[in-house]
Engineer: 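Before anything else, here's the structure in question.
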Protein chains: 2
Amino acid sequence: MTEKGICPIQTVFGILGGKWKHRILLELHPGPMRYNQLAASIGTISYKVLTQQLRELEEDGLVCRKVYPEVPPRVEYALTEMGESIFVVFREMRRWGLECDPVHEPVCSHCWKCRGREENASGSADA
Amino acid sequence: MTEKGICPIQTVFGILGGKWKHRILLELHPGPMRYNQLAASIGTISYKVLTQQLRELEEDGLVCRKVYPEVPPRVEYALTEMGESIFVVFREMRRWGLECDPVHEPVCSHCWKCRGREENASGSADA
DNA sequence: CCGCATCCTACAAGATACTG
DNA sequence: CAGTATCTTGTAGGATGCGG
């Protein structure tokens with residue numbers, strides 16, 4: 001488990017610390033995903049690291065792992081309520097990031113806010 | 001400079017990525033500080049890393065470095081407007097972190113919100 | 001006092017091969 | 001399919017010594 005009992009801000013950095021943690025959460029936002037599906041949509045992550053980071057996110061209570069006793073095996077990962085709740089932080093990060101760097105890619109495929117924009121390219125997605 | 005032109009959320013993780021970046025910003029919040037003062041108040045950071053992270057924060061426009069041409073030399077670091085503005089993100093992080101881990105240390109000396117509480121130990125500091 | 005140069009270590013992450 | 005085991009690599013960070 002990520003170290004707690006310290007400054008709450010450091011707690012958050014600890015929980016989201018891994019190189020891929022936030023990316024995984026972002027991917028999971030639209031709904032539960034299977035292990036391989038997750039690996040494929042992230043693209044460049046190794047299985048080892050994906051498993052590892054998922055376990056840590058699970059321990060920290062942000063994602064939950066559901067095993068379906070089937071053949072072939074199926075495992076789905078989903079955001080917990082706590083996992084959903086961190087998106088208030090992401091929302092602020094996104095706002096700040098956009099202000100600070102307005103020339104970011106017009107649509108970043110893995111960002112839960114941008115994702116909606118490809119079809120919905122007219123409205124004001126923010127605020 | 002931290003990589004930009006990508007997902008705004010990743011931009012933020014990039015900018016705050018270093019082990020000490022957020023800690024430095026937190027220390028700087030009350031007002032400008034000198035190099036050694038900063039090193040002392042953080043305590044366990046090495047000079048090399050402090051310099052390095054300060055340079056990166058400077059390049060990303062979060063802190064500004066002011067050199068006073070005196071003997072002995074004096075250098076002060078301060079938050080820029082952009083540096084101040086990231087505290088909206090910290091604020092959300094702190095809120096989330098407190099909910100997720102309510103048993104964090106009663107007062108964490110380096111947290112800009114907690115710091116005020118030591119004297120002001122009565123009121124509701126949040127919200 | 002401030003901070004750069006150099007060297008070194010520890011750990012996160014990648015690659016690959018194998019298993020229930 | 002969804003992992004583990006093992007090995008290798010890259011890099012952030014630490015320690016120390018010198019210089020403006």
Side-chain angles (χ1 to χ4, degrees), chain A residues 1-3 6 10 12-28 31-60 62-78 110, chain B residues 1-3 6 10-28 32-60 62-78 110:
Chain A
M1 171 107 62
T2 305
E3 192 184 7
I6 48 175
Q10 258 183 303
V12 179
F13 277 106
I15 289 175
L16 301 178
K19 182 175 176 184
W20 300 101
K21 296 269 185 75
H22 67 279
R23 185 66 197 276
I24 292 171
L25 296 173
L26 253 17
E27 289 296 336
L28 248 29
M33 286 181 83
R34 303 178 60 164
Y35 180 80
N36 270 342
Q37 203 181 353
L38 212 39
S41 74
I42 293 179
T44 54
I45 193 174
S46 71
Y47 289 120
K48 190 197 103 179
V49 174
L50 177 56
T51 303
Q52 190 178 291
Q53 311 250 312
L54 279 168
R55 290 293 131 84
E56 287 176 26
L57 287 169
E58 202 188 346
E59 269 204 281
D60 286 324
L62 299 194
V63 310
C64 94
R65 178 172 179 269
K66 206 171 282 179
V67 182
Y68 296 85
E70 305 172 358
V71 183
R74 182 158 66 109
V75 179
E76 277 192 349
Y77 292 91
H110 57 272
Chain B
M1 169 108 63
T2 305
E3 192 185 7
I6 49 176
Q10 259 183 301
T11 304
V12 179
F13 277 106
I15 289 175
L16 302 177
K19 184 176 175 183
W20 301 102
K21 297 268 185 75
H22 66 279
R23 185 64 197 276
I24 292 170
L25 296 173
L26 253 17
E27 290 295 338
L28 248 30
M33 287 182 83
R34 303 178 59 164
Y35 180 79
N36 270 342
Q37 202 182 354
L38 211 39
S41 73
I42 293 180
T44 53
I45 193 174
S46 70
Y47 289 120
K48 190 198 104 180
V49 174
L50 177 57
T51 303
Q52 190 178 290
Q53 310 251 311
L54 280 168
R55 288 296 129 84
E56 287 177 25
L57 287 169
E58 201 188 348
E59 270 204 279
D60 287 325
L62 300 194
V63 310
C64 95
R65 177 172 180 269
K66 206 171 282 179
V67 182
Y68 296 86
E70 307 172 358
V71 182
R74 181 158 67 109
V75 180
E76 278 191 349
Y77 293 91
H110 56 273

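Protein chains get the first letters and strands the later ones, always in sequence-line order, with residue 1 at the start of each.
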Engineer: Report the C-alpha separation of B/E27 and B/R23 in whole Å, then their side-chain angles, then the decisive distance to 0.1 Å, and conclude whether the salt bridge (charged side-chain N to carboxylate O under 4.0 Å, His left out) test is met.
Structural biologist: CA-CA 6 Å; B/E27 290 295 338; B/R23 185 64 197 276; 3.2 Å; yes

Engineer: Counting just side-chain N and O atoms, does A/Y77 come under 4.0 Å of either OP1 or OP2 of D/dG3?
Structural biologist: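 For D/dG3, OP1/OP2 do have a side-chain N/O of A/Y77 under 4.0 Å.
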
Engineer: Which nucleotide, C/dG14, D/dG13, D/dG3, lies nearest any side-chain atom of B/W20?
Structural biologist: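 Of the candidates, D/dG13 comes closest.
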
Engineer: Students often mix this up, so state it plainly: with edges at 30° and 60°, are the rings of B/Y35 and B/Y77 parallel, tilted or perpendicular?
Structural biologist: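 Taking B/Y77 first and then B/Y35, their aromatic rings sit tilted (interplane angle of 30° to 60°).
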
Engineer: Let me know the distance between NZ of A/K19 and P of D/dT9, rounded to the nearest Å.
Structural biologist: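 Taking atom P of D/dT9 as the reference, NZ of A/K19 is at 17 Å.
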
Engineer: Relative to the 5' end of DNA chain D, which residue comes earlier, A/K48 or A/P72, by the nucleotide with the nearest heavy atom?
Structural biologist: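 It is A/P72 whose nearest nucleotide is closer to the 5' end.
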
Engineer: If you check the B/V75 side chain, which of C/dG20, D/dG3, C/dG3 turns out closest?
Structural biologist: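 Of the candidates, C/dG3 comes closest.
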
Engineer: Nearest-Å distance, CD (A/E70) to P (D/dC1)?
Structural biologist: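 Rounded to whole Å, this separation is 13 Å.
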
Engineer: Can you tell me the distance, in whole Å, between the CD atom of A/E76 and the P atom of D/dG3?
Structural biologist: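 Whole-Å distance recorded here is 12 Å.
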
Engineer: Atom NZ of B/K66 to atom C1' of C/dC2: distance rounded to whole Å?
Structural biologist: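 Computing the B/K66:NZ to C/dC2:C1' distance gives 18 Å.
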
Engineer: Would you say a side-chain N or O of B/R34 is under 4.0 Å from OP1 or OP2 of C/dC2?
Structural biologist: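 Affirmative; the distance criterion is met.
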
Engineer: Drop me the distance from B/K66's NZ to B/R34's CZ, to the nearest 0.5 angstrom.
Structural biologist: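 Here the rounded value is 14.0 Å.
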
Engineer: Show the nearest heavy-atom pair for residues A/S41 and A/M33, with the distance to one decimal.
Structural biologist: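 For A/S41 and A/M33, the tightest heavy-atom pair comes out as OG-CE, 3.7 Å.
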
Engineer: At less than 4.0 Å, is any side-chain N or O atom of A/R55 found next to OP1 or OP2 of D/dT4? Yes or no.
Structural biologist: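 Answer yes for this pair, as a side-chain N or O of A/R55 is under 4.0 Å from OP1 or OP2.
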
Engineer: Over how many whole Å does the gap from A/Y47 atom OH to C/dT19 atom C1' extend?
Structural biologist: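 Rounded to whole Å, this separation is 15 Å.
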
Engineer: Any chance you could measure B/H22, atom NE2, to B/L16, atom CG, to the nearest 0.5 Å?
Structural biologist: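 Reported value, rounded in 0.5 Å steps: 9.0 Å.
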
Engineer: Counting the atoms with a prime plus P, OP1 and OP2 as sugar-phosphate, which does A/Q53 contact under 4.0 Å by heavy atoms, base, sugar-phosphate, or nothing?
Structural biologist: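 It contacts sugar-phosphate atoms only.
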
Engineer: To the nearest angstrom, how far is B/F13 atom CZ from D/dA12 atom P?
Structural biologist: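 Those two atoms, CZ and P, are 17 Å apart.
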
Engineer: Tell me the interatomic distance from A/L50, atom CG, to C/dA13, atom P, rounded to whole angstroms.
Structural biologist: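 Distance check: A/L50 CG to C/dA13 P gives 12 Å.
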
Engineer: Considering just the side-chain nitrogens and oxygens of A/R65, establish if one lies under 4.0 Å of OP1 or OP2 belonging to D/dG3.
Structural biologist: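 Answer is yes, contact under 4.0 Å.
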
Engineer: To the nearest Å, how far apart are B/L54 CG and C/dG3 P?
Structural biologist: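 Spelled out: CG on B/L54 to P on C/dG3 is 8 Å.
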
